[in-house]
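Throughout, numbering of the chain's residues begins at 1 and tracks the sequence.
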Amino acid sequence: MGGMDIEKIYKELAEHLDNLPAGFPSTDSGVEFRILKRLFTPEEASIARGLTVLPETAKAIARRLDKPKKNIIPSLVEMAKKGLIYNFNIGNKNFYFAAQFMIGIWENQVKKLDKELIKDVNEYLPYIMEPNLKLKTQQLRVIPVDIPLKPNNEIMPYEEAESIIMSESKIVVAPCICRTEHRIMGTGCDKPVETCLTFGFAAEYYEKNGLGRNITHEDALEILAKGKDAGLVLQPGNAKKPSNICMCCSCCCQIL
């Protein structure tokens with residue numbers, strides 16, 4: 001890294017992630033730095049500091065970092081593959097933007113989990129969850145199943161999981177990060193694991209980077225039905241057109 005202060009790089013990356021909406025608060029133990037060092041190389045960390053939540057070209061990011069574009073492209077591509085940032089293509093242009101730690105970077109590690117990373121993240125969870133619970137607008141919301149409790153009960157179409165699924169042109173299913181980590185640690189439950197549904201850009205990203213598999217609307221509805229039968233709680237992204245639906249259990253889900 002040519003004499004660069006490695007500790008300073010990770011500190012600045014932590015501060016950068018903390019400035020994103022979901023936050024990345026500091027701790028007395030420094031566990032947040034152990035997590036970042038497990039995920040980012042020093043070179044990747046130095047570049048990730050320059051990304052915003054808005055999609056940008058490598059040229060724009062390089063200009064902000066005062067680095068040659070050709071020097072940062074390999075790291076941007078690699079970080080996208082590792083689930084540390086997001087990328088997509090429009091025409092012949094590649095765009096990159098920052099991923100929040102949760103929901104984002106952590107969930108993108110579902111195929112790469114090991115016990116040491118899980119231990120560090122579980123130690124860190126109370127610190128990152130507390131400020132998230134105070135946010136006015138939560139990242140996820142709970143929606144009811146399509147069984148009315150009263151005859152006159154009506155649910156708006158965007159509140160119905162089936163309507164969300166049927167309105168999407170591309171769907172990818174991935175393993176639940178929470179139940180996956182609990183099974184690795186020997187504390188998992190018997191609920192279905194391959195239940196996280198992603199749509200649109202998120203689906204493209206998950207498929208491209210091997211985080212999930214492409215499925216049909218019928219497959220997605222079948223997964224939804226199995227989740228309901230298993231008593232899972234439906235939590236889509238908190239938007240009228242969400243990019244995902246989580247199917248959560250009370251025993252493993254970090255949010256619940």
- prompt: Is the F24-Y124 ring centre distance short of 6.0 angstrom?
  reply: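 Yes, ring centres under 6.0 Å apart.
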Min side-chain heavy-atom separation [X]-[Y] under 4.5 Å:
X: K228; Y: M247; result: no
X: I128; Y: W106; result: no
X: I47; Y: N71; result: no
X: N122; Y: E181; result: yes
X: L76; Y: M79; result: yes
X: E56; Y: L51; result: no
X: L221; Y: M166; result: yes

Approximate separation, where rounding is to 0.5 Å, of F40 CZ and E78 CD: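 One gets 12.0 Å once the value is rounded to the nearest 0.5 Å.
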Test applied, side-chain contact (heavy atoms from CB on, under 4.5 Å); reference residue, L39; option that passes from E44, Q109, K112: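 Of the listed residues E44, Q109, K112, the side-chain contact (heavy atoms from CB on, under 4.5 Å) partner of L39 is Q109.
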- request: Step by step, work out the side-chain hydrogen bond (donor to acceptor under 3.5 Å, both in side chains) result for R179 and T195.
  value: CA-CA 10 Å; R179 287 190 286 281; T195 54; 2.8 Å; yes
message: Within a 6.0 Å radius of atom NZ on K226, are there more than 12 heavy atoms belonging to other residues, nucleotides or ligands?
response: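 No, the 6.0 Å shell around NZ holds no more than 12 heavy atoms from other groups.
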task: Answer yes when E7 and K37 have at least one side-chain N-carboxylate O distance shorter than 4.0 Å, and no when they do not.
output: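 Yes.
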